[in-house]
Asker: 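Okay, here's the structure, questions in a sec.
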Amino acid sequence: DLRPEKPQGAIGYLDNLPERLQELASSEKTEHTRIIMEGTGPTLVPEPLLDKDHLELYLDYNSPLSDDQQLMENKLVNMGGSGIFTIKKDSYLELNRLFLEPRIIHHSSSLIEGLFIMNKNKSPDNKVFVNIRDRHEDITIFRKGSLLFFNSFEYHTDEDLLYYILFVADQLRLNPEKFELVLSCNITDQSGTYSFLFKYIRHISFVEQPEGISFSPALKDLARHQYFSLINQYSCGS
C-alpha cells in the first residue's frame, strides 16, 4: 500500500512514494508505465454515442468539470465503450513529470473489463459482483452478456454496505435467496464483514482469477481476488 495515512494534497501524496519507485521513475529503463487510480465511478458511454470532441459534456450528468481537474478517457475495448473520469490536474502533471507518457487507468475500467471478459461466455445473470474498497463499494451486474448496472457507493458500516447491495438487487428484481454475491478486493472469508453479509445473503463466493495469466512462483499464495483490478489492468485498452 503506497498511500500515506493522511494525504496532504496531490503533490504531497506523490512525494510519499517509496524511494525505490522514485528511482524507477527517473530510470531510463522505465519505458512503459501504467498507473491505476481509485476514485468515484466514471461516466460510462457506449461507443455509438461517444463524441470525443466533447467528453466533458458526459460528466455534466454527474458533476461539472472544474478548473483543477484533468479530463481522462479509458477505452473499454471489450465492452464497446469508454469510461470518462477526472484526475486532479496537479497529480496528472506530476505523474507525467515522473514517468514518460504514463497510461492512467481508472480502477473501474480494469474491474469492468476484467469481469466482462471472464463472464462473456458464461451465464452471470444471477450474480452481483461487489468490489469492496476503503469506504466504497463498486457494484457490477451483467444481463444477457451485456453490462446492466455499474455504480460506486460510499459506505461507513457493514449495514451500509449490505443496504446498497440489497437495494440494487431489489431494483433489478434479484432475489437475495437465489443470486450469488461475488466479492473482490478488500475482504476475506475470515473478516467480520464477510460473516455479516453471510447472515443475509445465502450464496457468496470470491471472484475467480483471470485465465491465461501466469504468475511468478513468489506470488503463488497471493489472494488473487484482492488484486483483481490490478491484475486485469491489461484488459483495458486505455
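Please read these numbers as outputs of a predicted model, since none were measured by experiment.
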Asker: Should Leu172 and Phe179 be regarded as members of a common hydrophobic cluster, given that ILVMFWY residues are connected when their side-chain heavy atoms come within less than 4.5 Å of each other, either directly or indirectly?
Answerer: yes
Asker: With heavy-atom distances below 4.5 Å as the criterion, would you say the side chains of Ile165 and Glu137 are in contact?
Answerer: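 With C-beta onward as the side chain, the pair touches.
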Asker: Take Leu44 and Leu147, measure what side-chain contact (heavy atoms from CB on, under 4.5 Å) needs, and give me the verdict at the end.
Answerer: CA-CA 10 Å; Leu44 301 177; Leu147 179 66; 3.8 Å; yes
Asker: In terms of hydrophobic clustering (I, L, V, M, F, W, Y; side-chain heavy atoms under 4.5 Å; direct or indirect links), are Val168 and Leu183 co-clustered?
Answerer: yes
Asker: Classify the ring geometry between Phe196 and Tyr200 as parallel (under 30°), tilted (30 to 60°) or perpendicular (over 60°).
Answerer: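 Ring orientation, 0 to 90° scale: tilted.
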Asker: With side-chain contact (heavy atoms from CB on, under 4.5 Å) as the test, would you mind laying out the steps for Phe116 and Leu76 before giving the verdict?
Answerer: CA-CA 10 Å; Phe116 177 78; Leu76 305 180; over 6 Å; no
Asker: If the condition is side-chain contact (heavy atoms from CB on, under 4.5 Å), which residues does Phe167 pass it with, not counting sequence neighbours?
Answerer: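 side-chain contact (heavy atoms from CB on, under 4.5 Å) list for Phe167, sorted by chain: Tyr163, Gln171.
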Asker: Let me check something: do Tyr155 and Leu197 share a hydrophobic cluster, defined by ILVMFWY side-chain heavy atoms less than 4.5 Å apart, either directly or through other members?
Answerer: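 Tyr155 clusters together with Leu197.
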Asker: Show the nearest heavy-atom pair for residues Lys89 and Gln70, with the distance to one decimal.
Answerer: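 Looks like CE-OE1, 3.9 Å.
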Asker: Can Leu71 and Ile84 be said to form a side-chain contact (heavy atoms from CB on, under 4.5 Å), step by step?
Answerer: CA-CA 7 Å; Leu71 185 66; Ile84 312 300; 3.8 Å; yes
Asker: Flag the pair Met37 / Met72 as yes when at least one side-chain heavy-atom distance between them is below 4.5 Å, and no otherwise.
Answerer: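 No, their side chains stay 4.5 Å or more apart.
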Asker: Check whether the side chains of His203 and Asn126 place a donor and an acceptor atom closer than 3.5 Å, and report yes or no.
Answerer: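 On atom types as modelled, these side chains do not qualify, holding no pair under 3.5 Å.
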Asker: Do Leu181 and Phe149 share a hydrophobic cluster (ILVMFWY, side-chain heavy atoms under 4.5 Å, transitive)?
Answerer: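 Linked within one cluster.
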Asker: How close do Tyr58 and Asp51 get, heavy atom to heavy atom, and via which atoms?
Answerer: OH-N, 2.6 Å
Asker: Which distance, rounded to the nearest 0.5 Å, do you find between the CD1 of Ile201 and the CD of Glu177?
Answerer: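 The distance works out to 10.0 Å.
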Asker: Rounded to the nearest 0.5 Å, how far does OG of Ser110 lie from CG of Leu115?
Answerer: 9.0 Å
Asker: Classify the ring geometry of His225 against Phe206: parallel below 30°, tilted from 30° to 60°, perpendicular beyond 60°.
Answerer: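 The rings of His225 and Phe206 sit tilted, inter-plane angle from 30° to 60°.
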Asker: Report yes if some heavy atom in the side chain of Asp160 is under 4.5 Å from a heavy atom in the side chain of Phe153; otherwise report no.
Answerer: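 No, their side chains stay 4.5 Å or more apart.
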Asker: If you measure from CG on Leu98 to CD1 on Ile35, what distance do you get to the nearest 0.5 Å?
Answerer: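 Between Leu98 CG and Ile35 CD1, I get 8.0 Å after rounding to 0.5 Å.
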Asker: Just do the side-chain contact (heavy atoms from CB on, under 4.5 Å) check on Glu38 and His136 with the steps written out, would you?
Answerer: CA-CA 10 Å; Glu38 286 192 1; His136 288 82; over 6 Å; no
Asker: Residues in salt bridge (Lys or Arg N to Asp or Glu O under 4.0 Å) with Glu159, at least two apart?
Answerer: none
Asker: Quick check for you: to the nearest 0.5 Å, what is the distance between Cys185 atom SG and Ile132 atom CD1?
Answerer: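 So the SG of Cys185 and the CD1 of Ile132 are separated by 8.5 Å.
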Asker: Quick one: closest heavy-atom pair of Lys75 and Glu113, and the distance?
Answerer: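 Scanning both residues completely, I find the closest heavy atoms to be O-OE2, 4.5 Å.
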Asker: Which atom names give the shortest non-hydrogen contact between Glu208 and Phe228, and what distance separates them?
Answerer: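 The answer is O-CE1, 3.7 Å.
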Asker: Do Ile141 and Leu174 make a side-chain contact, defined as non-hydrogen atoms from C-beta onward lying under 4.5 Å apart?
Answerer: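 When only atoms from C-beta onward are counted, Leu174 and Ile141 do touch, with a gap below 4.5 Å.
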Asker: Do Ile139 and Asn151 make a side-chain contact, defined as non-hydrogen atoms from C-beta onward lying under 4.5 Å apart?
Answerer: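 The answer is no; the side chains never approach within 4.5 Å.
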Asker: Provide the closest heavy-atom pair for Ser109 versus Asn74 in the form atom of the first, atom of the second, distance.
Answerer: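 Minimum heavy-atom separation between Ser109 and Asn74: OG-OD1, 2.8 Å.
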Asker: Taking only residues at least two apart or on different chains, which pairs with a member in residues 179-193 satisfy side chain to side chain donor-acceptor pair (under 3.5 Å)?
Answerer: Asn131-Ser184, Asp158-Thr193, Glu180-Ser205
Asker: Do the side chains of Leu59 and Gln69 get nearer than 4.5 Å, heavy atoms only?
Answerer: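 In short, these two side chains do not touch, never coming nearer than 4.5 Å.
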Asker: Looking at side-chain heavy atoms only, is the closest gap between Ile87 and Leu95 below 4.5 Å?
Answerer: yes
Asker: If you look at every heavy atom in Ser108 and His106, which pair is closest and at what distance?
Answerer: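 Looking at all heavy atoms of both residues, the shortest contact is OG-ND1, 2.7 Å.
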Asker: Would a single hydrophobic cluster contain both Val128 and Leu148, if residues Ile, Leu, Val, Met, Phe, Trp and Tyr are joined by side-chain heavy-atom contacts under 4.5 Å?
Answerer: yes
Asker: Using modelled atom types only, decide if a donor and an acceptor are shared between the side chain of Asp170 and the backbone of Leu166 within a distance under 3.5 Å.
Answerer: no
Asker: Say you draw a straight line from CD1 of Ile112 to NE2 of His107; how long is it, rounded to the nearest 0.5 Å?
Answerer: 8.5 Å
Asker: Quick one, Glu73 and Leu50 - any side-chain contact, counting heavy atoms below 4.5 Å?
Answerer: yes
